[in-house]
Amino acid sequence: MAQVRQAKRSWINLWFIDPLVGLVVGLVVLILWLLPLPVARYLGAGIGSLAGLVSRRRNQIALKNMSVGLPELSVAEHKKIVKKMWQHFGMLFADVAHGKRVLKESTPVNIQMLRDAQKQGKGGFVCSAHFGNWELDVAKLVGPEFHLDPVYRKANNPWLNKLMFERRTGVKIPKGSLGARMMLECLGRGDFIAILCDQKLREGMEVPFFGKPAMTATGMVAIAIKKDIPIFLVKSLRNPDKTFTFSVEQKVEIPKGLEYQETLKSVMTTINNIYWEWIRKNPEQYLWLHRRFDKSFYLTDNDKKG
């Protein structure tokens, strides 16, 4: 698992833009915390809508992704989903600000699967995507019953990193070669590892995502095969009443009788296809804004002319 590259920051970013952005985000979270949760969510949805209006390039990426992930829908329908997506993730700011109440109101499903794995003392991977409220996936399992350690990539903005990541409990595992060694140590103690594995990785393997080849991280599967560690897929889905259902969806089976590389690809294809099922049912709850495929896929006509 190669070290993830982190963007270099100019002195303007480090001394002016980053602190300003951190201050603004911190104030927004504080204001949302001071408001009743329903009002905070309404305001958060408005903030999300505003962010969508000024994020033209990101919207283009989302629409390109939807052309592959939801090909049966029209461009007009894709645009409606993008608007709802921004509202959903705007509301997540309110959910973060009111974390304890959101956690208390969420409904757990199929937790027994993790309890059974814990009894075996080998720990496991708790795997999800940028879907619903993935922060809840971590928070719901952190406590006296489970030891959960999240894998994360540091935000380029150190102020946002302190606000959003360093407050997490558990062993914080960075992505990259160091993180791989830390994973093995944590799994050796019987901990669970929380990991999001729906993003592009330059050093990964080409695996279908939405049926289209996409570079995909396979380090988790490699460890699972070598150490006989179970992989569980979990999701937190926002319900119509704005609460969440946290569910352990299933244990991913490791196929037998395949070559090693074929096994890696088979397992990650299974996981990606399950993500696709989740996303197709509730597309507005997926973060469509990442460049999941090759860079050339996202080039506009103007980019190609240039």
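Just so you know, these numbers use all the heavy atoms, side chains as well, and skip hydrogens, waters and symmetry mates. Just so you know, residue 1 is the first one in the sequence shown, and it goes up from there.
Under the 4.5 Å side-chain contact rule for hydrophobic residues, I31 and I47 share a cluster. By the criterion of side-chain heavy atoms lying less than 4.5 angstrom apart, applied directly or through intervening Ile, Leu, Val, Met, Phe, Trp or Tyr residues, W86 is not grouped with V54; the two fall into different hydrophobic clusters. Using a 4.5 Å cut-off between side-chain heavy atoms of Ile, Leu, Val, Met, Phe, Trp and Tyr, with links allowed through other members, L34 and V102 fall into different hydrophobic clusters. No chain of hydrophobic side-chain contacts below 4.5 Å, direct or via other Ile, Leu, Val, Met, Phe, Trp or Tyr residues, connects W33 to L43. Hydrophobic cluster membership differs between V109 and M113, with clusters built from Ile, Leu, Val, Met, Phe, Trp and Tyr side chains linked at under 4.5 angstrom.
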Worked check of side-chain contact (heavy atoms from CB on, under 4.5 Å) between K79 and V75: CA-CA 6 Å; K79 289 181 178 179; V75 174; 3.8 Å; yes

D116 vs Q120, test: side chain to side chain donor-acceptor pair (under 3.5 Å). Steps then yes/no. CA-CA 7 Å; D116 292 342; Q120 298 178 13; over 6 Å; no

What's the verdict on ring pair (Phe, Tyr, Trp, His ring centres under 6.0 Å) for W134 and F89, showing C-alpha distance, side-chain angles and the deciding distance? CA-CA 11 Å; W134 60 87; F89 288 106; 5.7 Å; yes

Take L258 and S266 through the test side-chain contact (heavy atoms from CB on, under 4.5 Å) and record every step on the way to the result. CA-CA 9 Å; L258 298 179; S266 175; 4.1 Å; yes

Working note: V126 + I193, criterion side-chain contact (heavy atoms from CB on, under 4.5 Å); need CA distance, chi angles, decisive distance, verdict. CA-CA 6 Å; V126 176; I193 305 296; over 6 Å; no

Derivation and outcome, side-chain contact (heavy atoms from CB on, under 4.5 Å), residues D149 and F192: CA-CA 6 Å; D149 306 317; F192 287 91; over 6 Å; no

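Using a distance-only test at 3.5 Å, with no hydrogens or angles considered, no donor-acceptor pair links the side chain of T218 to the main chain of V221. A donor-acceptor pair under 3.5 Å is formed between the side chain of R58 and the backbone N or O of L289. Between the Y42 side chain and the L37 main chain, no donor and acceptor come within less than 3.5 Å of each other. Using a distance-only test at 3.5 Å, with no hydrogens or angles considered, a donor-acceptor pair links the side chain of S49 to the main chain of A45. Put simply, the side chain of W276 gets close to the backbone of G69: a donor and an acceptor are under 3.5 Å apart. With hydrogens and angles ignored, the 3.5 Å screen pairs a side-chain donor or acceptor of N110 with a backbone N or O of V248. Remark: side-chain polar atoms of T216 are paired, donor with acceptor, to backbone N or O of A214 under 3.5 angstrom. Of the possible polar contacts, none joining the W278 side chain to the A129 backbone as a donor-acceptor pair under 3.5 Å is found. Judged by distance alone, the side chain of H98 and the main-chain N or O of L35 form a donor-acceptor pair under 3.5 Å.
For CD of E259, the number of neighbouring non-hydrogen atoms (other residues, nucleotides, ligands) closer than 6.0 Å is 12 at most. The environment of K200 atom NZ is dense: over 12 non-hydrogen atoms of other residues, nucleotides or ligands sit within 6.0 angstrom.
Using modelled atom types, one finds a donor on one side chain and an acceptor on the other under 3.5 Å when comparing R57 with Q60. When only modelled atom types and interatomic distance are considered, N59 and S55 share no side-chain donor-acceptor pair under 3.5 Å. In the model, H88 has no side-chain atom that pairs as donor or acceptor with a side-chain atom of E284 under 3.5 Å. In this model, no donor atom of one side chain and acceptor atom of the other lie less than 3.5 Å apart for E277 and N273.
Within the 4.5 Å cutoff, the side chain of F93 has heavy atoms near those of the V25 side chain. The closest side-chain heavy-atom distance from R291 to I61 is below 4.5 Å. Two residues are said to be in side-chain contact when any heavy atoms from C-beta on lie closer than 4.5 Å; T107 and F244 fail this criterion. With contacts defined as side-chain heavy-atom distances shorter than 4.5 Å, the pair I225/I254 qualifies. No side-chain heavy atom of F131 sits under 4.5 Å from any side-chain heavy atom of L196. Side-chain atoms of C197 and Y275, non-hydrogen and from C-beta on, do get closer than 4.5 Å to each other. Inter-residue side-chain proximity for M205 and L264 is flagged as met; some heavy-atom pair is nearer than 4.5 Å. Taking the side chain as every heavy atom from C-beta outward, I271 and M220 approach each other to under 4.5 Å.
Using a 4.0 Å cut-off between charged side-chain N and carboxylate O, R101 and E105 make a salt bridge.
With values rounded to the nearest 0.5 angstrom, K83 atom NZ is found 14.5 Å from H78 atom NE2.
Between C127 and I231 the shortest heavy-atom distance is CB-CG2, 4.2 Å. Closest heavy-atom contact between P230 and K251: CB-CE, 3.8 Å. What you find for P71 and R280 is that their closest heavy atoms are CD-NH1, 4.2 Å. Shortest non-hydrogen contact noted between D198 and R292 is O-NE, 2.6 Å. Smallest separation of non-hydrogen atoms from A97 and V29: CB-O, 3.5 Å. The two atoms that bring V234 and S128 nearest to each other are O-OG, 2.8 Å, heavy atoms only.
Checking each of V96, L103, L92 against N133 for a side chain to side chain contact (heavy atoms under 4.5 Å, CB included) leaves exactly one that passes, namely L92. Of the listed residues (T243, T245, N282, D95), just one forms a side-chain hydrogen bond (donor to acceptor under 3.5 Å, both in side chains) with R238, and that residue is D95.
Seen from the ring of F297, K64 counts as a face-on cation partner, given the 6.0 Å and 45° thresholds.
Using bins of under 30°, 30° to 60° and over 60° for the plane-to-plane angle, the ring pair F210/Y286 lands in the perpendicular bin. In this structure, H130 and H290 have perpendicular ring planes: the angle between them is above 60°, well past the 30° mark.
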